[in-house]
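This is a predicted model, so every value here is computed, not measured. When reading the values below, keep in mind they use all heavy atoms of this one structure, side chains included, and skip hydrogens, waters and symmetry mates.
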Amino acid sequence: MELNDSNLQTLTEFLRKTLDPDPAVRRPAEKFLESVEGNQNYPLLLLTLLEKSQDNVIRVCAAVTFKNYIKRNWRIVEDEPNKVSDPDRTAIKANIINLMLTSPEQIQKQLSDAISIIGREDFPQKWPDLLTEMVTRFRSGDFHIINGVLRTAHSLFKRYRHEFKSNELWTEIKLVLDTFAPPLTELFKATIDLCQTHATDVNALKVLFSSLILICKLFYSLNFQDEEEAGLLELLKSQICDNAALYAQKYDEEFQPYLPSFVTAIWSLLVSTGQEVKYDLLVSNAIQFLASVCERTHYKQLFEDQNTLTSICEKVIVPNMEFRSADEEAFEDNSEEYIRRDLEGSDIDTRRRAACDLVRGLCKFFEEPVTAIFSGYVNSMLTEYAKNPGQNWKHKDAAIYLVTSLASKGQTQKHGITQANQLVNLNEFFVNHILTDLKSPNVNEFPVLKADAIKYVMIFRSQLPKEHLLQAVPLLINHLQAESTVEHTYAAHALERLFTMRGPSNTTLISPAEMAPFTEQLLTNLFKALALPGSAENEYIMKAIMRSFSLLQDSIVPYIPTLIGQLTHKLLLVSKNPSKPHFNHYLFESLCLSIRITCKANPATVGSFEDALFPVFTEILQNDVQEFLPYVFQVMSLLLEIHSDSIPASYMALFPHLLQPVLWERTGNIPPLVRLLQAFLEKGASSISSSAADKIPGLLGVFQKLIASKANDHQGFYLINSIIEYMPPEPIIQYRKQIFILLFQRLQSSKTTKFIKSFLVFVNLYCVKYGAIALQEIFDDIQPKMFGMVLEKIIIPEIQKVSGTIEKKICAVGITKVLTECPAMMDTEYTKLWAPLLQALIGLFELPEDDSVPDDEHFIDIEDTPGYQTAFSQLAFAGKKEHDPIGEAVGNPKILLAQSLHKLSTACPGRVPSMLSTSLNAEGLQFLQGYFQVANVQLV
């Protein structure tokens, strides 16, 4: 796109149309802009418009469009094309600061956001002069310009408050401080002086105070990261500890002479190192060294002295299990990170985790003395807590952590602690010290202890008796109301884990009947928890909602009319900006459960779900929310499959849109879209053939696209199988030959095991549906003697590869038809293939499946999936029932074969027995004889 008046005029017209309230005008304009945004100069045209257009509305619209363009395209993603050309990137960075500072405030804010997005990716390496360009504007004296700079700096630097510490971050902050801090301080002083000068001018003070607020915000961002980062010396020492642990584990013999001196050195390092955060990595690596050494048989003599054990417990383990102010800050202000480290095991470098590992290591050989020493500590900590809970709550926290690390021997994500230290009485500790916190009427008092108590129930769930767990359930439901994000998240996670526990008879440990008294409170509190600050998209809460629905089944039906409204409202909100993939997944799972459970009891309610969901789905489809489309298609399939016969008009209106090529470009859409089209065919093939026959070429176009891809060809077969099974013959007669030609072309160009298996099922399904004569004729119509070639080169040698009960049944019925209902097999050159085909069919029945795959096929699934795309996430609760196209018509295919051969032999007496005796091997004949006996028939 050239930078000329004609293009500026075109862009102006389309921008104006994007503001039109009429969707028929607005959407094509949005699509046009989307289609041209990859062109070089497109962003520069937008910047020219926002600077020079005479129409203020167009200027603002261009600014917003530009910011969104930057947001979508600036980041360079590995293995994906660069969406903004290098000349455009250079030109944008050269002009945007000046443009932002000379624009009116409405436009300034948009450009300021765009600068911070670019800065996040390019500053400082790819945009080194950004700061100097901004700082020079402080001297302008114009507070419109100064506030523009401050606003941009604030949006650029506020991420320092949340960034994880790293050398790169410190280098960047140092650069910012060196360049930006002195002039910012001078500006602060000058602005304070101006406030005194203009003390009586209210309007001037408003501007000056807004500048002061921004300056203070910047000071906050630039000072947020304190010097708690480990220095080079600490990093070197911690790496040495790491290396020593490696030598102790891997080079036992060679390292043995040096080990005692390393233990001594690391021990003295540990007892002399402070509690500051900057020493965390060093201390954790040093403790991990001791942990790895103490559990090895030939070093245990270093630790077996009672005084040594006591000293380790007192000087290393207990101090490093304390809940520090840094932990408290994370608990309150960075709950997401705290939960990730504590619940999801990413606390690998923390002192607590290392101390816990050391306890476990020592317990390997010294379980009794270590348990005795720690029991003393636990009791004294709990006594201290009891004296003054308000002051000493951290003592109880450490005691609980100590008991947990002492008691835990083996742990899994699914079951929590699976092996426990027999010397620790978990039940007694639960009753005396955990239950009291869970029962406390004030859920907001001592949130850390409440979270500890909930976590105790969660991790020891497999060790605690069922009555304790049932006692805990209503208390956990109560804690869903806690203000602390960590506390209510842990409560949701604990409930979700309890609901997945299996009882003795392979059902859930906690039954819906046992949950009946708490059902209403559980559902109310879970949904209320989503409204608590910081938990609007809390994946643990949404997972607990999903699991509660799954456990309670029919019990939720009375609540669904209320809950479905809340779920769809939440879906509408998150669809505006999907950012939490796990939350979104569990949200859709919960929707599926609501539908399945309610419609199982009363299929007629499907309409009320469609009324609730379709407005949101329509918005998601119209706004092309890519992350949600695969989910929407799965839920729509589930809904459509519930309908008993015809397709409602609301679905038929959508049908043409599902064939749009753009939807099929995204690999994540393919499985759910194919399933949705299959549901359309199953429920309304006749409607499609009568009222949407012009869409059949589009449907076959989708099949053609899928069949060409090694990764998606099986999806193409799912689609064509449904077309063959459900479509009336008339509308597809004209396309049948072309379908087979496409399949043969693919067989010639790249034959894979997966393709052959699918091809065999398709060919036999075609035979079942249209008859063996039709199959033979269509092959021979494509090319003379083609039918024989397919039998000889594909069906007979490859049929053993077919897997799956239904797939094998389809092939067996199809081959039986070819053997017994196709005259050409009895009296042409195809006759020589009759016995080998029968032998292959008996092999399909009796031989193990041939699951060998040629070596060169190992990488197929990877090869034609270009770059990153929205992955397809299968919804467990939207699962599709397995479908048998033959159904009850054939119960046992072996009996069908026997009956069909009997029928054939009565039509041409004597021929079948002679063909069998001359061409079939003894084993095959024996199996066949067995089929005749079961079917109670004989050959003539």
Quick one: does any side-chain atom of Ser535 pair with a main-chain N or O of Ala531 as donor and acceptor, under 3.5 Å?
no

Short side-chain to backbone donor-acceptor contact, Asp122 and Trp127, under 3.5 Å
no

Side-chain (Thr568) to main-chain (Gly565) donor-acceptor, under 3.5 angstrom:
yes

Answer yes or no: are there more than 12 heavy-atom neighbours, outside Phe219 itself, under 6.0 Å from its atom CZ?
yes

Any donor-acceptor N/O pair, Asn4 side chain to Asn7 backbone, under 3.5 Å:
yes

Would you call Glu336-Lys580 a salt bridge at under 4.0 Å N-O?
yes

Any donor-acceptor pair under 3.5 Å from Asn98 side chain to Asn95 backbone:
no

Is there a donor-acceptor contact under 3.5 Å linking the side chains of Asn623 and Ser575?
no

Could you tell me whether the side chain of Gln634 and the main chain of Leu875 form a donor-acceptor pair under 3.5 Å?
yes

Would Arg137 and Asp142 satisfy salt bridge (Lys or Arg N to Asp or Glu O under 4.0 Å), going step by step from the backbone distance to the final call?
CA-CA 9 Å; Arg137 311 305 172 109; Asp142 179 342; over 6 Å; no

Starting at CH2 of Trp74, measure out to CG of Asn82 and round the result to the nearest 0.5 Å.
9.0 Å

Quick one: do the Glu332 and Tyr338 side chains pair a donor with an acceptor below 3.5 Å?
no

Checking the side chain of Asn41 only, and the main-chain atoms of Met1 only, is there a donor and an acceptor separated by less than 3.5 Å?
yes

Output yes when a side-chain donor or acceptor of Arg26 lies under 3.5 Å from a complementary backbone atom of Thr18, and no otherwise.
no

Residues Arg341 and Glu337 bridged, charged N to O under 4.0 Å
yes

So does Arg89 pair up with Glu121, basic N to acidic O under 4.0 Å?
no

Any salt bridge linking Asp129 with Lys93? Criterion: basic side-chain nitrogen under 4.0 Å from a carboxylate oxygen.
no

May I ask you to decide whether Arg139 forms a salt bridge with Glu186, counting only side-chain N to carboxylate O separations under 4.0 Å?
no

Would you check if there is a donor-acceptor pair between the side chains of Tyr631 and His585 at a distance under 3.5 Å?
yes

Can Lys17 and Glu13 be counted as an ion pair, charged N to O under 4.0 angstrom?
no

Would you please say whether a donor-acceptor pair under 3.5 Å links the side chains of Ser155 and Asp113?
no

Salt-bridge criterion met for Glu276 and Arg324 (N-O under 4.0 Å):
no

Are Glu30 and Arg27 ion-paired here, with the side-chain N under 4.0 Å from a carboxylate O?
no

